Amino acid sequence: MCGIVGYVGAQDAVPILLEGLHRLEYRGYDSAGIAVRTKTALKVHKSAGRIDRLEAKLPRRLKAPAGIAHTRWATHGEPTDDNAHPHVDCTGDLALVHNGIIENGAALRAELAAAGHTLRSETDSEVLAHLIEDARADDLEGRVRQALTRVDGTYGLVVLDRNTPDRIVAARNGSPVVIGVGDKEMFVASDVAALVRHTDRVVYLDDREVASIRSTGFSTTTLEAQPTQKNTSEVVQSAAAYERGDHPHFMHKEIYEQPEAVERALRGRIDREFGVAHLGGLNLSARDLLDVRRIKLLGCGSAYYAGLAGAHMIERLTRIPTDAEPASEFRYRNPVIEKDTLYVAISQSGETADTLGAVREVRRKGGRVLGVVNAVGSTIARECDGGIYMHAGPEIAVASTKAFTCTLVCVALLAIHLGRIRDLSPSDGKRLLAALERLPDQIREILDQGEAIRGIALGLTNRQNAFFIGRAAGYAVALEGAQKLKEISYIHAEAYPASELKHGPLALVSPTTPTVAILPDDDLYEKSLSSLEEIRARRGPVIAIAHEGDERTAAASDDVILVPRSEPVLDSILMTVPTQLLAYECAVALGRDVDQPRNLAKSVTVE
Ligand code: G6P
């Protein structure tokens with residue numbers, strides 16, 4: 001969601017904060033601001049729009065040894081200069097940046113205004129600055145703690161006070177805060193992406209923790225002022241993993257690095273001798289897994305669609321009833337948690353509020369939940385009973401690509417693991433694992449068709465609407481394909497199970513509404529082909545994603561993208577890749593902001 005950076009140390013804070021903001025811009029990007037403490041004053045600069053606009057507004061000679069900065073994705077109040085963070089108290093001596101939502105913000109705002117405070121923004125965050133202003137503890141940490149006892153909701157926040165030199169104070173509840181440990185300098189951010197250029201030593205704050213950060217070190221306490229002990233972890237990703245390199249967009253980079261990402265997701269997890277998958281982090285024995293009678297996958301957005309495709313894989317290989325549900329729906333419908341159900345939370349960032357809420361709901365009711373998570377050390381990863389890391393590497397583009405394919409690779413490994421505990425034979429296990437190992441080269445083959453796919457994508461650019469269809473796991477691919485196209489090209493795209501076409505959407509099929517058909521050569525092939533005929537009979541243009549050598553589909557389509565043959569249960573992985581390229585090329589041709597599409601954020605840490 002929004003991004004936070006803070007710095008205290010011997011260097012000039014301003015360029016460090018701005019560079020950090022650029023690295024976090026993918027998380028939220030409708031306004032930005034910076035506050036620094038100079039020798040004599042606290043200076044705050046804010047601007048609606050992207051970070052470049054903020055930079056252009058900054059006085060050239062602005063220099064300071066400490067500061068905080070923020071890039072915002074609006075929840076309360078429009079993206080204006082006033083609503084941008086940092087927010088200051090009435091004295092102008094204290095500035096604060098905040099991620100999260102203060103649920104009792106409206107009541108606190110009314111109370112503060114009645115007590116004579118002047119609130120300058122429409123945000124819930126600003127109340128925090130005024131609450132700290134009113135707090136009567138001896139030091140800044142104490143005032144922050146006191147203020148936070150008044151607050152319901154989530155926060156990751158950093159405070160800068162003119163009267164408390166050489167220190168910034170941070171606090172966390174439900175919104176990530178990570179401290180970067182340097183040499184005579186300290187950093188703080190909402191995401192390690194902002195820190196990796198400066199340090200690889202980080203400390204993650206826990207919920208209800210407050211940190212006092214000085215240039216020479218830091219200390220932490222609970223909200224009740226009890227000191228806490230923290231461990232320093234090492235960031236394994238290199239700074240280059242967060243860079244765009246020679247690619248025109250992060251999304252391009254992330255699509256094209258999928259072969260290596262999949263290799264990493266598989267590394268060390270394949271036992272060719274016994275045809276089993278090694279998943280060390282599950283924390284569940286074979287005996288525990290034998291008791292599993294049902295599996296439910298939970299996630300939001302692309303993670304949910306990956307869950308839908310993954311549910312097909314698991315059910316097919318294990319015959320355990322499996323389904324997927326949006327985590328956001330699940331958490332609020334007072335779900336029945338069964339002790340022999342295994343819950344699997346899928347999340348690239350590991351910080352999505354709704355997915356985290358679902359994890360907590362399951363655990364609160366005594367259920368077991370595994371995480372399939374990309375961000376190592378993230379909240380979801382830490383709160384699950386066990387899990388599988390995707391190892392996809394940092395994903396920066398808002399539209400998820402490599403995390404989707406790596407999720408499916410991890411779920412396939414889980415399915416094989418569970419299957420081998422049940423009816424899947426060693427030879428079936430070996431065959432499936434060998435097919436997984438072929439995926440990186442097969443993805444390369446698809447990526448090699450980039451030019452041809454661009455040509456096909458150009459044909460979509462003047463369309464208002466598109467359908468995506470598929471059956472079974474292919475329907476999940478269709479959902480993900482439609483999602484990609486709409487989120488980055490802004491062309492309206494809808495996905496339907498191919499079998500549902502004649503129950504409604506066929507009414508809208510016409511020569512101006514193309515359909516992207518996911519059409520693997522599997523046991524539903526003939527049925528899928530008849531769906532194509534239904535579309536063709538209405539003169540609807542068809543782009544088919546089919547298997548190499550499938551001449552009948554090629555003949556029945558206007559355009560066809562061919563993917564290599566794999567085990568049918570893995571088709572959804574390969575068939576997704578052309579849909580990513582279609583959406584990407586279409587968005588580029590339309591001049592869209594591919595990496596940062598309008599109104600969206602990479603990691604939605606609010607409900
Ligand atoms: C946001 C992003 C989506 C993403 C979803 C879940 O909505 O825009 O691209 O799929 O969150 O994110 P997660 O980090 O939990 O996978």
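Side chains included, hydrogens not; waters and symmetry mates left out as well; all remaining heavy atoms used. Every number for a ligand or one of its atoms is a count from 1 in the order of the listing. Just so we're clear, the structure is a prediction, and the values are computed from it rather than from any experiment.
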Would you say the ring centroid of F187 lies under 6.0 angstrom from that of H198? yes
Under 6.0 Å between ring centres, would you say that holds for Y584 and H249? yes
How far is [atom] from its nearest protein heavy atom, and which residue and atom name does that atom have?
atom	value
atom 16 (O) of ligand 1	Q348 N, 2.7 Å
atom 11 (O) of ligand 1	K602 O, 3.8 Å
atom 8 (O) of ligand 1	A601 O, 3.0 Å
atom 7 (O) of ligand 1	V604 CG2, 3.8 Å
atom 13 (P) of ligand 1	T352 OG1, 3.2 Å

For ligand 1, which atoms sit closer than 4.0 Å to a heavy atom of S349? 13 (P), 14 (O), 15 (O)
Should you measure from each heavy atom of A303, which atoms of ligand 1 turn up under 4.0 Å away? 10 (O), 16 (O)
Under 30°, 30 to 60°, or over 60°: which ring-plane class applies to F467 and Y496, parallel, tilted or perpendicular? perpendicular
Check this for me, if you would: do E243 and K253 make a salt bridge, where the nitrogen-to-carboxylate-oxygen distance has to be below 4.0 angstrom? no
Electrostatic pair R598:D593 at N-O distance under 4.0 angstrom: no
If you measure from atom 6 (C) of ligand 1 to every heavy atom of S302, C300, S347, which option wins on shortest distance? C300
Applying side chain to side chain donor-acceptor pair (under 3.5 Å) to S400 and Q348, what does each step give before you reach the verdict? CA-CA 8 Å; S400 182; Q348 188 286 126; over 6 Å; no
Between T401 and Q580, is a side chain to side chain donor-acceptor pair (under 3.5 Å) present by the stated rule, with each step listed? CA-CA 7 Å; T401 51; Q580 300 169 342; 5.0 Å; no
For ligand 1, note which part of V398 has a heavy atom under 4.0 Å away: side chain, backbone, both or neither. both
G350 versus ligand 1: do any nitrogen or oxygen atoms come within less than 3.5 Å of each other? no
